[in-house]
Novice: 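Could you have a look at this structure, given as structure tokens, before my questions?
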Amino acid sequence: MDYQFKEIERKWQKFWAANQTYKVNNTSEKPKYYVLDMFPYPSGAGLHVGHPLGYIASDIYARYKRLKGFNVLHPMGFDSFGLPAEQYAIQTGQHPAITTEENINRYRVQLDKIGFSFDWSREVRTSDPDYYHWSQWIFMQLFNAWYNLASDKAEPIDQLIQHFEEKGSVGIYAVSDEDIREFSPEEWNDFTEEEKQRELLKYRLAYLRESSVNWCAALGTVLANDEVIGGLSERGGYPVEQKKMMQWSMRIVAYAERLLQGLETIDWPDPLVEMQRNWIGKSIGALVNFTTEANKDIEVFTTRVDTIYGVSFIVLAPEHEWVSELTQVEQKAAIESYIEKTKKKSELERMADTKAVSGAFTGSYATHPLTGESIPIWIADYVLAGYGTGAVMAVPSGDQRDYLFAKHFDLPIIPIHDQQNIEQEADPSKDGKYINSDLINGMTYSEAVPFLLEKLEEMHKGKGKVNYRMRDAIFGRQRYWGEPVPVYFKNGLPYLMKESELPLILPEVDQYLPTESGEPPLGRAKNWKYQDQYDYELSTMPGWAGSSWYWYRYMDVQNKEQFVSKSAVNYWHAVDLYIGGSEHATGHLLYSRFWNKFLKDLGYVPEEEPFKKLINQGMIQGRSNFIYRVLDEEGKGTNTFVSYGLKDNYKTNALHVDVNIVINDILNIEKFKASRPEYKDAEFILENGKYHCGHEVEKMSKSKFNVVSPDDIIEAYGADTLRMYEMFLGPLEQSKPWNTNGIEGVFKFLRKFWKLFHDADFNFNISEDKATPAELKALHKIIKKVQEDIDRFSFNTSVSAFMICINELTDLKCNKREILQDLCIVLSPYAPHITEDLWEKLGNQAGTISYATYPIFNPQHLVESEFVYPISVNGKVRMKIQLSLDMEVSEVEEEVLKNKDVQKYLDGKSPKKVIVVKGRIVNIVL
RNA sequence: GCUGAAGUGGUGGAACUGGUAGACACGCAGGACUUAAAAUCCUGUUCGCCCUAAAGCGAGUGCGGGUUCGAUUCCCGCCUUCAGUACCA
């Protein structure tokens, strides 16, 4: 029988499931290896051909590691809380759990058809109460912890309480809110319970804070940033306003430095590391105090304390807390109107017109800490309330924004060093010697900074300070389909439930909308009170809660007592290889590192970093096809379509056409006519009897008719072809458009491979004869190539190498067991079905190829005695001469120069120089 | 603007440490088989020059320079595309 991929693939997928071929134990003699994929959100649209790219690569890697003798953990699950299911629920009233279940089942069917070696007995779903039990539990640990700067790690809050009881607030160095109180142990012990809780909340790593959210009154809901476009809601286009709400937050900033340092220790792609670094945004500078008449010191953050003598004004963010107090009576109207104006501007507009200078004078002055001069205080929206202290010392000579502001409002611009050129724009260089700078005149940058810091500190006017751009993460969503927060409120203060009461199950509601009074959907739940009297927290956890620790649950998915057992985590440790998209660079991957560090601080997990090696698979874009409708004289569409090459002779209108009825850019006219009634009588202007379509690379989406489903590919060519073709498309990390053109080549390759094992009538036919050196050479070339390729994640090049190998063996008419059996093993990570089938036919026990031993490369088989030297003259290859590889450099040179064709080039002269690289090349320089 | 990645035939791409540029595959062209088509197989296919073929010559990895016996690979400057980020003091 010819290669019957459908039958083969069905047979082995059934076998693997029935025999739990890929089930893995938490104990083994073998070394462990953990290969993880970023788990998907199961959307209603199902998988398209771009989704499995990373899964195929990781599956090849996992299978390869098994052959290399590792105990491989390779699980899969679903990130199943999320907005689309909730949106659908709002529209249809269907419970999101039902939609989610349906989508997961569909995903599972699609994934199973591709032949992955996942251990499905370890599947996790973040929306499953058995799973979110532990998301809630981790939240509780965060609530019950504080960050001790003295030990530089998170510690249980009980230790902080004990310190307060014994020593008061003295000697505590914590990451906390700014408004912490100072107290003695006696005072602490005299605090009421509520006062104590209120104070502790300022230290907890999960804490309540007032923060602003995107509130859309018309939709009655809170929107995520990416649901707001130009100040309007993405859906419906309703106005969105900033609204202050009490929100759960996570003190991720406490980990900023460790998150930054950890980047040095992990093997991630450079762009991704860079993105995280920028996101954390560390800057080293100083805090400086400027005194004001109103007796309110303005603290500014600067990275250029050396420019302090160039300060000619102070700028506050319009939201700065002292703006109103600093505003003088005669300036009040101007300031208030300016604040009003900025409020109306959405964040996007503020970003868009970065060129327009605007601001207003408060009428107040501050005193320069070193010169004692009076400096005007302005407000302007180019200063952001959220960064640094929300106030800057403006140095127009050194900062372009300050420069433009000074020019616009006619404020002084003071040059601060002798090499500064400030005629056209600010000059931020540090190269000169300071002028106009009193104490530091004549100093260089590296002398001035430590000098000034010391001076300011001595005067109690400032100090060195490291600032991070990263903000604490908001940890609440006013939504239904997420993990309930295991908290109830007593007298307005949050308290945790008992751990034994977990999980707190997501209650039923009548609608998935906010209540009339604007509370989140959980406000609709009937009789939902803690101990029948206390209100629960009504917001749910954000999408990243469940994904910030899921790789641990895979290690020990059935555990009812703990999120992961000590023994499981001490066996698997951390993820050795993680494959996923770069869109999670600053979300999931940052939060996961944060939670991991926290869990490590409390001793639950052993590793500081959860993902040792990470690979980003590139995005698969769509490749759209177009047909060209001919327009008549009035520009109206006709029912005639002109082929791509002739379209310039007509007035046309390009239309997307479904790529699934186009092969190699040739339209299948019959299928097209049948696709819609109005095309039934369509006419075509053809080229050589064919209709050629135009094409363009776009996002893969339904509306562009360029979505290709893996199901269709598998139906036509099989999963092994799909797997190999996805790899063959190009380097894993590169983004590329999906183009089904070319898949035939991979399919033909697998047929040729099949034919090696069969005679002309497709009877299984294997020879037991001894292999020839040429056959062994072909085999050992591929053994070596594939292991090198997989080790550097270059899967596309091994597919080519397999093709070369099969072409060679076909030419050699090789059907010897000695060669083909090992070849099956080497190919099996890429094409598991066909190799498993042939493995069985070769007489091996069914279903065992996955645990076979990868053949050992023997360099002996690749040793050559002769080499065809390319002979180049002045760097240009002119001819080839075959010589023995035993020949020494001098012998090669001698032999080459004797050659007749070489003599022709020499033309009687002797060469200036002859370079011989043994076994590589000869270059003659004339 | 800043940061990062990348520019190689008609197309996807290969060339891993500076050593035969275009492997492998698609497409295309020609041929075999066939009444014909599909399928399959064979041959050719970077561009230009010489009527054609063989042989040969010249150019060639975004552009311009450099280092080197030799550069897709290293260095300098520029252009283009994609991605991320953005008044961060």
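Below, read A as the first sequence line, B as the second, and so on, with proteins coming before strands; counting in each chain starts at 1.
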Novice: Name the residue from Lys755(A), Arg751(A), Lys752(A) that meets the salt bridge (charged side-chain N to carboxylate O under 4.0 Å, His left out) definition with Asp2(A).
Specialist: Arg751(A)
Novice: Nearest-Å distance, CZ (Phe793(A)) to P (C16(B))?
Specialist: 19 Å
Novice: Whole angstrom is fine here: how far is it from OH in Tyr725(A) over to P in G12(B)?
Specialist: 11 Å
Novice: Using the P atom on both, measure C63(B) against A71(B) and round to a whole Å.
Specialist: 15 Å
Novice: In whole angstrom, what separates Ile663(A)'s CD1 from G27(B)'s P?
Specialist: 11 Å
Novice: Find the distance Met727(A):CE to A14(B):P and express it as a whole number of Å.
Specialist: 13 Å
Novice: Give the nucleotide from the list G12(B), U3(B), G70(B) with an atom nearest to the side chain of Asn923(A).
Specialist: G70(B)
Novice: When the ring planes of His780(A) and Phe857(A) are compared, do they come out parallel, tilted or perpendicular, using 30° and 60° as the limits?
Specialist: tilted
Novice: Taking only the side-chain heavy atoms of Asn741(A) (C-beta and beyond), determine which of G4(B), C26(B), C69(B) contains the nearest atom.
Specialist: C26(B)
Novice: Can you figure out which of A14(B), C87(B), A25(B) approaches the side chain of Met803(A) most closely?
Specialist: A25(B)
Novice: Return the value, rounded to whole Å, for the distance between atom CG of Asn278(A) and atom P of A5(B).
Specialist: 13 Å
Novice: With a 4.0 Å cut-off on N to O distance, would you call Asp306(A) and Lys430(A) a salt bridge?
Specialist: no
Novice: Give the nucleotide from the list C16(B), C88(B), G13(B) with an atom nearest to the side chain of Lys785(A).
Specialist: C16(B)
Novice: Report the glycosidic orientation of G9(B): syn if within 90° of 0, anti in every other case.
Specialist: syn
Novice: Which nucleotide sits closest to the side chain of Asn807(A): A89(B), A14(B), A25(B)?
Specialist: A25(B)
Novice: Kindly give the atom pairs (protein nitrogen or oxygen, nucleotide nitrogen or oxygen) under 3.5 Å for nucleotides 20-23 of chain B.
Specialist:
from: U20(B); atom 1: O2; to: Lys880(A); atom 2: NZ; distance (Å): 2.8
from: A23(B); atom 1: N1; to: Ser800(A); atom 2: OG; distance (Å): 3.4

Novice: How many whole angstroms separate atom NZ of Lys784(A) from atom P of C16(B)?
Specialist: 12 Å
Novice: Looking only at side chains, do Asn625(A) and Asn706(A) share a donor and an acceptor under 3.5 Å apart?
Specialist: no
Novice: Take Ile743(A) and Lys755(A), find for each the nucleotide of RNA chain B with the closest heavy atom, and name the residue whose nucleotide sits nearer the 5' end.
Specialist: Ile743(A)
Novice: Rounded to whole angstrom, note down the P distance from U45(B) over to A36(B).
Specialist: 29 Å
Novice: In whole Å, what separates the C1' atom of U72(B) from that of U8(B)?
Specialist: 7 Å
Novice: The side chain of Tyr387(A) lies closest to which of these nucleotides: A89(B), A5(B), A14(B)?
Specialist: A89(B)
Novice: Taking the six-membered ring of Tyr468(A), is the NZ or CZ of Lys282(A) close enough (under 6.0 Å from the centre) and on axis enough (within 45°)?
Specialist: no
Novice: How far, in whole Å, is C76(B) from U67(B) if one measures between their C1' atoms?
Specialist: 11 Å
Novice: Can you identify which nucleotide, out of G27(B), G13(B), C88(B), has its nearest atom closest to the Asn664(A) side chain?
Specialist: G27(B)
Novice: Run the salt-bridge test on Lys407(A) and Glu425(A) with the 4.0 Å N-O cut-off and return the result as yes or no.
Specialist: no
Novice: Could you check whether Phe405(A) and Phe313(A) have their ring centres less than 6.0 Å apart?
Specialist: yes
Novice: Measure from the side chain of Ser283(A), starting at C-beta and using heavy atoms only, and say which of U85(B), A89(B), C69(B) lies closest.
Specialist: A89(B)
Novice: Considering only side-chain heavy atoms of Val917(A), which listed nucleotide, U3(B), G19(B), C26(B), is closest?
Specialist: G19(B)
Novice: CZ of Arg471(A) versus P of C88(B): gap in Å, rounded?
Specialist: 14 Å
Novice: Rounding to a whole Å, what distance do you find between Glu583(A):CD and C82(B):P?
Specialist: 19 Å
Novice: With respect to the side chain of Arg751(A), which nucleotide from G12(B), U40(B), C88(B) is positioned closest?
Specialist: U40(B)
Novice: Does Ile915(A) or Gly745(A) map to a spot on RNA chain B nearer the 5' end, using the closest nucleotide for each?
Specialist: Gly745(A)
Novice: List the atom pairs, with distances to 0.1 Å, where a side-chain N or O of residues 917-926 of chain A and a protein N or O form a donor-acceptor pair under 3.5 Å, not counting sequence neighbours.
Specialist:
from: Asn923(A); atom 1: OD1; to: Ser872(A); atom 2: OG; distance (Å): 3.2
from: Asn923(A); atom 1: OD1; to: Gly875(A); atom 2: N; distance (Å): 3.1

